[in-house]
**Student:** 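Below you will find the structure I want to go over with you.
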Amino acid sequence: MNSCARKAAVSKVAGLKGCAPFAGEAFKEADYASDVFTKSAMKEYLPHDTYAKLLQTIDQGQPLDPSIAGEVAHAMRRWASDRGATHYTHWFLPLTGSTAEKHDAFLEIKNGLPIQTFSGKNLIVGEPDASSFPSGGIRSTFEARGYTAWDPTSPAFIKRHGNGATLCIPTAFCAYTGEALDKKTPLLRSMQVLSQATKHLMKCFGKKDEKVTITLGPEQEYFLIDKSFYLSRPDLLLTGRTLFGAPSPKHQQLEDHYFGTIKNRILNFMTEVEEELWKLGIPSKTRHNEVAPAQFELAPMFEELNLSYLHVCSDP
């Protein structure tokens with residue numbers, strides 16, 4: 001790190017006044033999952049028969065009835081528009097280690113007039129260009145057609161930004177030959193195999209053939225670094241991790257940090273993050289200092305695997 005840049009960063013951080021505790025409005029229970037197309041939102045916006053058919057797919061694993069796609073898309077668009085969304089995206093998890101999204105507006109022109117619309121076809125399937133995504137060597141570039149397919153078991157959600165909001169529809173991403181091009185498809189397939197194996201075991205013990213729920217509660221450990229220090233470190237900027245500097249302490253030399261008192265600046269950050277997570281229906285439950293300096297942890301409650309995995313990947 002350039003010595004002048006470090007001195008400037010240290011001076012800036014040293015000049016910061018201690019932050020007062022978060023003084024925002026208290027989070028209300030009614031705001032929990034307010035940006036998620038939950039079952040209660042579905043019930044409010046969908047016709048009763050359509051809602052019942054969709055629940056059969058979500059709760060019982062029944063094949064989706066294509067005839068309800070149009071009504072579900074219309075209801076989802078109304079719900080999203082009521083929350084300020086102007087665009088939608090098939091949100092998926094390609095083999096790049098990140099999420100992917102291509103935004104399309106609800107805007108259509110009919111008889112020279114603009115209208116907002118969202119069709120069942122646009123909800124169920126998309127056709128993004130897959131040629132630039134990793135394929136694992138399963139196909140040639142010129143054959144790289146890919147499809148995104150709506151996963152009804154993962155609820156749609158709103159992703160907000162400075163100038164508006166976007167409706168994010170969780171989808172699987174596959175090649176036209178059926179090979180998985182993402183991380184969600186193998187997850188869904190493994191859940192199905194594990195569910196079938198568990199049902200077989202239950203049958204051996206004379207148990208009823210019921211739905212098997214696989215759960216996950218992934219804790220998240222993270223480091224916080226002041227922005228001025230971060231911008232002075234090329235290794236952090238280019239790789240997201242430290243490549244040079246003093247060796248990290250080993251064993252339990254820094255155990256006094258663990259479960260220590262959380263400083264106000266950090267607590268303000270945690271509070272803001274939790275409120276964003278709760279709006280997305282992510283049940284963040286625990287927060288605390290970790291062992292290393294500037295290392296912290298948040299831990300959500302256990303929930304259904306496909307939903308929990310979605311929550312891990314979504315970035316508020």
Side-chain angles (χ1 to χ4, degrees), residues 22 24-46 50-51 54-61 64 72-73 75-85 87-93 98-101 103 118 123 148 150-161 164-172 182-184 187-188 191 211 213-222 269-287 297-316:
F22 182 70
E25 294 184 5
F27 189 84
K28 302 179 179 62
E29 292 182 3
D31 292 332
Y32 186 81
S34 58
D35 283 343
V36 182
F37 195 51
T38 59
K39 290 179 182 177
S40 59
M42 295 177 191
K43 188 174 183 180
E44 178 182 352
Y45 282 82
L46 284 170
T50 303
Y51 173 68
L54 185 58
L55 281 191
Q56 290 179 355
T57 298
I58 296 173
D59 294 336
Q60 301 174 23
L64 178 68
V72 174
M76 195 179 290
R77 198 276 306 164
R78 286 177 50 228
W79 172 82
S81 296
D82 288 346
R83 282 151 185 80
H87 291 66
Y88 70 92
T89 179
H90 276 199
W91 186 85
F92 58 102
L93 307 164
S98 184
T99 58
E101 52 192 73
H103 296 194
F118 185 43
L123 169 63
T148 51
W150 174 41
D151 175 16
T153 62
S154 293
F157 60 95
I158 298 292
K159 184 175 182 180
R160 300 189 179 278
H161 52 85
T166 302
L167 171 65
C168 295
I169 304 166
T171 57
D182 66 344
K183 297 181 179 181
K184 188 178 186 63
L187 177 73
L188 294 174
M191 289 173 59
K211 179 185 177 182
T213 301
I214 304 161
T215 61
L216 176 69
E219 66 180 32
Q220 300 285 299
E221 294 186 7
Y222 58 94
F269 168 83
M270 290 178 168
T271 302
E272 291 181 11
V273 169
E274 284 179 341
E275 290 201 359
E276 292 301 316
L277 293 176
W278 291 340
K279 289 177 183 177
L280 290 171
I282 302 175
S284 178
K285 179 75 172 179
T286 302
R287 63 191 186 194
E297 178 180 319
L298 67 84
M301 292 184 285
F302 276 74
E303 53 187 341
E304 195 270 328
L305 174 58
N306 191 26
L307 186 60
S308 181
Y309 182 71
L310 167 72
H311 288 162
V312 172
C313 298
S314 57
D315 179 12

**Student:** Identify the heavy atoms of L93 and T99 that sit nearest to each other, and give their distance.
**Tutor:** CD2-CG2, 3.4 Å

**Student:** Check the side chains of T148 and H90 for a donor-acceptor pair under 3.5 angstrom, ignoring hydrogens and angles.
**Tutor:** yes

**Student:** Can you sort out the partners of F37 under ring-ring contact (aromatic ring centres under 6.0 Å, His included), two or more places apart, ordered by chain and number?
**Tutor:** W79

**Student:** Return the NZ to CD distance between K285 and E274, rounded to the nearest 0.5 Å.
**Tutor:** 11.0 Å

**Student:** Closest heavy-atom contact between L167 and A85?
**Tutor:** N-CB, 4.0 Å

**Student:** Counting N and O atoms only, with roles assigned by atom type, does the side chain of Y45 sit under 3.5 Å from a partner on the main chain of M76, one being a donor and the other an acceptor?
**Tutor:** no

**Student:** So Y222 and V273, do their side chains get closer than 4.5 Å, heavy atoms only?
**Tutor:** no

**Student:** Given the rule in the side chain to side chain contact (heavy atoms under 4.5 Å, CB included) test, do M191 and E304 qualify, once you have shown the distances and angles that lead to the verdict?
**Tutor:** CA-CA 10 Å; M191 289 173 59; E304 195 270 328; 2.8 Å; yes

**Student:** In Å and rounded to the nearest 0.5 Å, what is the CZ to CG distance from R77 to D82?
**Tutor:** 8.0 Å

**Student:** Testing the basics here: between L54 and V72, what is the closest heavy-atom pair and its distance to 0.1 Å?
**Tutor:** CD2-CG2, 4.2 Å

**Student:** Within the distance-only criterion (no hydrogens, no angle test), does the side chain of R83 pair as donor or acceptor with the backbone N or O of S34 below 3.5 angstrom?
**Tutor:** yes

**Student:** Strictly distance-based, threshold 3.5 Å: is any side-chain N or O of T50 a donor or acceptor partner for the main-chain N or O of L46?
**Tutor:** no

**Student:** So, are K39 and D59 salt-bridged, with charged N and O less than 4.0 Å apart?
**Tutor:** yes

**Student:** Which residues pass the side-chain hydrogen bond (donor to acceptor under 3.5 Å, both in side chains) test with S154, not counting sequence neighbours?
**Tutor:** D151, K184, N306

**Student:** What's the spacing between S308 OG and E303 CD if we round to 0.5 Å?
**Tutor:** 5.0 Å

**Student:** For R160, is there an ion pair with E276 - N to carboxylate O distance below 4.0 angstrom?
**Tutor:** no

**Student:** Can E297 and R287 be counted as an ion pair, charged N to O under 4.0 angstrom?
**Tutor:** no

**Student:** How far does CD of E275 sit from CG of L280, to the nearest 0.5 angstrom?
**Tutor:** 12.5 Å

**Student:** Indicate yes or no: at least one non-hydrogen side-chain atom of L298 is less than 4.5 angstrom from one of M270.
**Tutor:** no

**Student:** Name the orientation class of the two ring planes belonging to W91 and F157 (parallel below 30°, tilted from 30 to 60°, perpendicular beyond 60°).
**Tutor:** perpendicular

**Student:** Is it true that D31 and K279 have a side-chain N and a carboxylate O under 4.0 angstrom from each other?
**Tutor:** no

**Student:** Where do D182 and T171 come nearest, in terms of heavy atoms and distance?
**Tutor:** OD2-O, 4.3 Å

**Student:** What closest approach, in Å, do I169 and Y88 show between heavy atoms, and which atom pair accounts for it?
**Tutor:** CD1-CD1, 4.4 Å

**Student:** Does any non-hydrogen side-chain atom of Y32 lie less than 4.5 Å from one of P283?
**Tutor:** yes

**Student:** Quick one: closest heavy-atom pair of I58 and K211, and the distance?
**Tutor:** O-NZ, 3.5 Å

**Student:** Tell me, do L305 and T215 make a side-chain contact under 4.5 Å, heavy atoms counted?
**Tutor:** no

**Student:** About how many Å separate OG1 of T286 and CD of Q220, when rounded to the nearest 0.5 Å?
**Tutor:** 13.0 Å

**Student:** To the nearest 0.5 Å, tell me how far R78 CZ sits from E44 CD.
**Tutor:** 8.0 Å

**Student:** Is there side-chain contact between L307 and P155, with heavy atoms separated by less than 4.5 Å?
**Tutor:** yes

